[in-house]
Amino acid sequence: MEPRDFIREIIRKDLADGTTSKVVTRFPPEPNGYLHIGHAKSIFLNFGIAEEFDGACNLRFDDTNPAKEEQEFIDAIEADVRWMGFTWAGAPKHASDYFDTLYTWAENLIENGKAYVDDLTADEIREYRGTLTKPGRNSPYRDRTADENLDLFRRMKAGEFADGAKVLRAKIDMASGNINMRDPVIYRIVKKPHPRTGDTWCIYPTYDFAHGQSDAIEGVTHSLCTLEFEDHRPLYDWLVENLPTPARPRQYEFAKLNLSYAVLSKRRLTQLVKDGHVDGWDDPRMLTLSGLRRRGIPAVAVRDFVSRLGVTKSDSVVDPALLDHCVREYLNKVAERRMAVIHPLKVVIENYPEGETEMLDAVNNPEDDAAGTRQVPFGRELYIEHDDFMEDPPKKFFRLGPGREVRLRWAYFLTCNEVIKNDAGDVIELRCTYNPETKGGDAPDGRKVKGVLHWVSSAHAIDAEVRLYEHLFVDPAPGKDRDFIEALNPDSRSVLENCKLEPSLADWPVGEALQFERLGYFAPDPDSTAAKPVFNRTMTLRDTWAKIQAKTS
RNA sequence: UGGGGCGUGGCGAAGUGGUCUAACGCACCGGUUUUUGGUAUCGGCACUCCUAGGUUCGAAUCCUAGCGCCCCAGCCA
């Protein structure tokens, strides 16, 4: 199904009437943080359009502010875009690659009387700018001669002035209703080393003075950005029209992705990392691409998710359940099944010979015959899930209870005879019997058993740590009614020790998700060691029983 | 009270004057199947398109007037 949205409609028209011969887009992150799932939407849009229309998409870093940008972020961003499965045209580009040209164009503007050096302080500039409803006033420095401006600007470049002492401003219209047109600052003094240009420069162009021009230099035809830049479009156009740019790019704006129960702004993500509310940019609870990856979420599922989002101009908040659905839908088809018990309850099968072990066949993936089968060891002592036993089961509970019979997956029917408790009254062990006639899980008399339990042989189990995750926030719109930090979910992560895995789970590749039967999808964390595997829960399974319980209570 | 946008079911979103008693996906509700209470499958879920007028034989789609929401006053992007 071919995607249709207003941007693609514009492109089709431009291609049809000859406005555009080859579509060129760009994905333009600022290297001041890691990419998150909102960026995935933009990546998918920009790279996707380039692929669909046989065009090209550049990766271009918007690195005009050395005060905030770092090489670490540049590297991480490149890795994340690759992980998403896209290839940018040629080498990665940087706005800083064009600093020489941008500087020359600034001088052109000055020579044409369309820019001036302003000595006002930041506070004064703000005051002169006016307000949303009141027009601004001209700076007293607005009418300097071109020669004087040129001299001053060159001395700014030469490092003669301190940070903030002077700026270069475009001379447009201090009375404009659009505040971006009230003589915007286009160059400022920042005496900080730049990750790519070192200390070649001590003046840097602002976003507005770099973005459209970079688009033009690269031959970008359709420059796609988010809604908050709509007000900047007149300035984008003014600059492209008043500068000797080699091309005439056009900017189009679409609504960025918002997700409920999440926070996606770079400022807030940075705060979570810096203040230690999470364990870094790739914490599996973070909706960063590196966090999703670490949690075991496949790039295919992320792409599927963003492909289902609307590309429109209306602000929207997407239900994270849609992401969950995409992850489950994909993993259900490809993930192998294994058995693991995360809340172990000991079961002793009294009629099973002491010290004996047998190997039973288990299907690796019922959705994919090619995944084959494996052998799972079975013995007298097992672990089952504590939640799968209730001493006093309610009506609709069809798992194990005193005197009840269930099926052990791929193994035998099992009946509970006796419940053993500790002094505190907690159930700590079950004494059961199995039916040797039901090997493999089929009853010879064809009788039905409703409950099917997963299990792990205690003699063969691998001990592991399992980390469970929930939404990082408890509020649907964190930050709306209280500081977003207060909306942090205290139970967003729970760490379970002494979980029991079937032996085939040894050395499962880091990051590759599989299904723990009846529990969910899990993937080994990089923290895993040979001695102790650590699994992250990638995603739960849909849980109808949990719903029934919730409704009953 | 300046400028720029946006308003279709719980959420996202098709729809561009008649085929709209409004696609599709998610969520939700119910049935069937099932050695995962998973998957699959079947069915339900907007007399109505922010509101009010108007134009028209006919409007979610055109006009007018309201109302609501978002963004902008960084030498951030």
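Both backbone and side-chain heavy atoms feed into the values below; hydrogens, waters and symmetry mates do not.
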Is the centre of the F378(A) ring less than 6.0 Å from the centre of the Y412(A) ring? yes
Does a side chain donor of either E517(A) or Q515(A) reach within less than 3.5 Å of an acceptor in the other side chain? no
For G2(B), the Watson-Crick or wobble partner whose two distances fall under 3.5 Å: C72(B)
So among R60(A), K93(A), R26(A), which one has a salt bridge (Lys or Arg N to Asp or Glu O under 4.0 Å) with E218(A)? R60(A)
Spacing between L235(A) atom CG and G3(B) atom C1', to the nearest angstrom: 14 Å
Base, sugar-phosphate, or nothing for K551(A), non-hydrogen atoms under 4.0 angstrom? sugar-phosphate
F209(A) near the nucleic acid: base, sugar-phosphate alone, or nothing, with a heavy-atom cut-off under 4.0 Å? nothing
Kindly say whether, by distance alone, the side chain of E367(A) makes a donor-acceptor pair under 3.5 Å with the base of G38(B)? yes
For A23(B), what is the paired nucleotide under Watson-Crick or G-U wobble rules, both distances under 3.5 Å? none
Is the side chain of D5(A) donor-acceptor paired with the backbone N or O of R8(A) at a distance under 3.5 Å, no angle test? yes
Measure from the side chain of R409(A), starting at C-beta and using heavy atoms only, and say which of G5(B), U36(B), C6(B) lies closest. U36(B)
What string of B, S and - do you get for nucleotides 70-76 of chain B 5' to 3' if you count protein non-hydrogen atoms under 4.0 Å? SBBBSBS
Return each pair, listed once, that meets salt bridge (Lys or Arg N to Asp or Glu O under 4.0 Å) where at least one residue sits in residues 165-178 of chain A; pairs must be two or more places apart or across chains. D118(A)-R169(A), D119(A)-K166(A)
Which residues share a ring pair (Phe, Tyr, Trp, His ring centres under 6.0 Å) with Y34(A), sequence neighbours left out: F73(A), W281(A)
Applying a 4.0 Å non-hydrogen cut-off, can you work out what R337(A) is touching in the nucleic acid: base, sugar-phosphate, or nothing? base
Nearest-nucleotide 5' precedence on RNA chain B, T133(A) against E517(A): T133(A)
Check whether any side-chain nitrogen or oxygen of R542(A) sits under 4.0 Å from OP1 or OP2 of U39(B), and answer yes or no. yes
Phosphate OP1/OP2 of G3(B): any S176(A) side-chain N/O under 4.0 Å: no
Could you pull out all residues at least two apart from S260(A) that satisfy side chain to side chain donor-acceptor pair (under 3.5 Å)? none
Using whole Å, what does the distance between atom C1' of nucleotide G2(B) and atom CE of M181(A) come to? 15 Å
Spacing of W410(A) atom CH2 relative to U34(B) atom C1', expressed in whole Å: 11 Å
Does G74(B) count as syn, meaning its glycosidic angle lies within 90° of 0, or as anti? syn
Of all the choices, C26(B), G12(B), G38(B), which nucleotide is nearest to the side chain of A321(A) once you look at every atom? C26(B)
Taking N or O atoms only and anything under 3.5 Å, show me the protein contacts with nucleotides 23-25 of chain B, one pair per line.
unit_1: G25(B); atom_1: O2'; unit_2: R308(A); atom_2: NH1; d: 3.0

Under 4.0 angstrom, heavy atoms only, what part of the nucleic acid is N332(A) near: base, sugar-phosphate, or nothing? base
Winner on side-chain proximity to K547(A), out of G5(B), G37(B), C28(B), is C28(B)
Strictly below 4.0 Å: does T312(A) bring a side-chain N or O up to OP1 or OP2 of A13(B)? yes
Please determine if K547(A) and D543(A) form a salt bridge, counting it only when a charged side-chain N lies under 4.0 Å from a carboxylate O. no
Residue pair D215(A) / S223(A), side-chain donor-acceptor N/O under 3.5 Å: yes
Applying side chain to side chain donor-acceptor pair (under 3.5 Å) to K41(A) and not counting sequence neighbours gives none
Is C45(B) in the syn or the anti form, by the rule that syn lies within 90° of 0? anti
